[in-house]
Amino acid sequence: MAQAAVMAALAAALAIISVVVPFAGGLSLLTTVPMGLLGYRYRIRVLLAATFAASVVAFLIAGISGLMVVVNCAYVGGLAGTMKRRGRGTPTVIAVGLAAGVVFGLFVIAALTVLVRLRTLTFAAMTANFDGVVSVVSRFEPFRPAAEDAKRLFNTALEYWPVLLMFYAIVSILVVTMVGWWALSRVLDRLRGIPDVHKLETPDESGPVGPVPVRLVDAQFRYPGADHDALRPTSLTVDVGEHVAITGANGSGKTTLMLLLAGRQPTSGTIERPGAVGLGQLGGTAVVMQHPESQVLGTRVADDVVWGLPPGTQTDIAGVLAEVGLTGMEERDTGGLSGGELQRLSVAAALARRPSMMIADEVTSMVDQRGREALLSVLSDLTERHRMALVQITHYNNEAETADRVINLSDSLDNTDMVESAAAPITTTDTPARRGAPVLELDHVNHEYAAGTPWAKTALRDVTFTVTEGKACSSTAATDRASRPWRGFWPD
């Protein structure tokens, strides 16, 4: 829903500008990009929701022209994104374009059959335009016979206008489809390299909600295309009333374990629950993640607490805000909250769903020390105040001290010990620098971001240097007033 809202706003803005601003019609092509991203990343209903929202906004501000820009770009972008997501190619796009052309043609024919006055006006405008072209061409003697023949052919075609309009609809839709596919497929190909593996997925489940107690038996997970498991075989049980801390270094599988607890199926092993995961549902599983800004959707604190709850749900907004230390902030603008306050607001929104299991995935990693202490204070006794299980994922040892049980994933072969457990450095006396063989050599290195696009930017130009063993190296940014790229690095 959040992605649909953001992309719909962007699409509507681009469509309105392309219609309202003179000579800005080319901007309408950019509207296909947000729609293509939705089609590529999400299910068709997300694209439809964004199209409906953007169409309404564009129609209210720019009229029928704005609406048609949004609908057309949603069709082109959504088709390209969906075809790319499903791994289809040009033949499928051609077939869909032909089918869409037939549907559009039938719609136009039906409309003009019923709306007689509109049909008369449309044909009169078409005839006037065609007569004008014929009149200009007839001024040149060599082209006069051809122009007269074209005029007779056009008049004959108007007598069989349903066939003419059907042919026009199929050709125009097919051309638009193929041009959009050619352009957007290249953009979406670049997105294939951007990982999207940590996105929460709504489980396909039915039946009563019952996420706990949950029992993992040799559950492991490997992401598509990976050559090793992200989570080694893991067995554990989380019961109602337990506060379980999951610790481990980055890459040890903490977030992957969170995804399994939130409903993703393991690649091997089993996960047993008494009912459905109920992700985001009343009495189900609530997840609070590490980026505060990405989890707050309401513009007002009170609105965000109840965002997404079923209609008619009775929520003690003041009570849950007081529980997380946000007393009296119901009317505050969420844009003015600090990172720690936003994170506590996310916890309040989770508590409003009265979850049976709450997962806190490294919730302190993006807040300052004061915000971290406030969050830990809130989490430390949640299981005493609520009938729920709390799974707290962290890479800090001291954050796990209040948990009933700690599960350490750091003994994975792919990871080292946590940084926080390492001994602090001690002061040493100066020692003579050792001069050894080169350990790093750069020879005329160049690099350009977004190469081959209008947004290409030179980052490195003709960089050459050597670092030898025992030698420190510092990076400086010398710039040239004319070109402004980074010019190089100089060893100390």
Side-chain angles (χ1 to χ4, degrees), residues 4 8 11-12 14-20 24-29 31-32 34-36 38-39 44-83 92-134 150-181 184:
L14 291 171
I16 292 167
I17 293 173
S18 70
V19 172
V20 174
L27 285 177
S28 63
L29 298 176
T31 311
T32 60
M35 295 303 186
L38 289 178
I44 191 67
R45 64 183 184 184
V46 179
L47 176 65
L48 293 176
T51 302
F52 178 80
S55 299
V56 171
V57 175
F59 175 74
L60 292 175
I61 298 177
I64 192 67
S65 298
L67 183 146
M68 292 308 298
V69 168
V70 171
V71 172
N72 182 57
C73 292
Y75 160 71
V76 175
L79 175 63
T82 303
M83 292 296 103
T92 304
V93 174
I94 293 175
V96 173
L98 290 172
V102 171
V103 172
F104 179 69
L106 291 174
F107 173 79
V108 172
I109 293 170
L112 294 182
T113 301
V114 175
L115 305 173
V116 179
R117 294 179 64 184
L118 177 61
R119 183 175 76 230
T120 302
L121 178 63
T122 301
F123 289 174
M126 293 172 59
T127 302
N129 290 332
F130 197 85
D131 287 347
V133 174
V134 170
K151 184 175 181 179
R152 285 194 297 270
L153 180 63
F154 177 77
N155 291 331
T156 302
L158 280 184
E159 297 178 6
Y160 302 94
W161 62 268
V163 177
L164 175 65
L165 291 181
M166 178 61 73
F167 176 78
Y168 172 78
I170 292 176
V171 172
S172 60
I173 293 295
L174 188 58
V175 169
V176 169
T177 300
M178 295 308 299
V179 171
W181 168 254
L184 272 180

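Starting from 1, each residue takes its place in the sequence as its number. Below, all heavy atoms of this structure are taken into account, side chains as well, without hydrogens, waters or symmetry copies.
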Quick one: are Tyr160 and Thr156 in side-chain contact, heavy atoms under 4.5 Å?
-> yes

Considering all heavy atoms of both residues, which atom of Ala54 and which atom of Ala8 are nearest to each other, and what is their separation?
-> CB-O, 3.5 Å

When rounded to the nearest 0.5 Å, the distance separating CZ of Arg119 from OG1 of Thr113 is 6.5 Å

All heavy atoms of Pro162 vs all of Ile109, minimum pair found to be O-CD1, 3.3 Å

Return the minimal non-hydrogen interatomic distance between Ile173 and Gly97, and the atom names on each side.
-> CG2-O, 3.7 Å

Is there side-chain contact between Val93 and Thr177, with heavy atoms separated by less than 4.5 Å?
-> yes

Please list, chain by chain and in numerical order, all residues satisfying side chain to side chain donor-acceptor pair (under 3.5 Å) with Arg45, sequence neighbours excluded.
-> none

Quick check: does any side chain N or O of Ser172 sit under 3.5 Å from a backbone N or O of Ala169, one acting as donor and the other as acceptor?
-> yes

Scanning both residues in full, the closest heavy-atom pair of Val70 with Ser55 reads CG1-OG, 3.5 Å

In Å and rounded to the nearest 0.5 Å, what is the CD1 to CG distance from Ile17 to Leu14?
-> 6.0 Å

Consider only side-chain N and O atoms of Tyr75 and Thr51, and report whether a donor and an acceptor are under 3.5 Å apart.
-> no

Set of residues satisfying ring pair (Phe, Tyr, Trp, His ring centres under 6.0 Å) with respect to Phe107, sequence neighbours excluded = none

With respect to Asp131, which candidate in Asn129, Thr127, Val133 satisfies the side-chain contact (heavy atoms from CB on, under 4.5 Å) definition?
-> Thr127

Under the ring pair (Phe, Tyr, Trp, His ring centres under 6.0 Å) rule, what pairs show up with a residue in residues 110-134, not counting sequence neighbours?
-> Phe123-Trp161, Phe130-Phe154

Value rounded to 0.5 Å, distance of CG in Leu67 from CD1 in Ile16 | 11.0 Å

Return the minimal non-hydrogen interatomic distance between Ser18 and Ala15, and the atom names on each side.
-> OG-O, 2.7 Å

Find the distance between CE (Met68) and CZ (Phe59) and round it off to the nearest 0.5 Å.
-> 12.0 Å

Heavy atoms only: give me the nearest Met35-Ala11 pair and the separation to one decimal.
-> CE-CB, 3.7 Å

Ile170 CD1 to Leu165 CG distance, which is reported to the nearest 0.5 Å | 11.5 Å

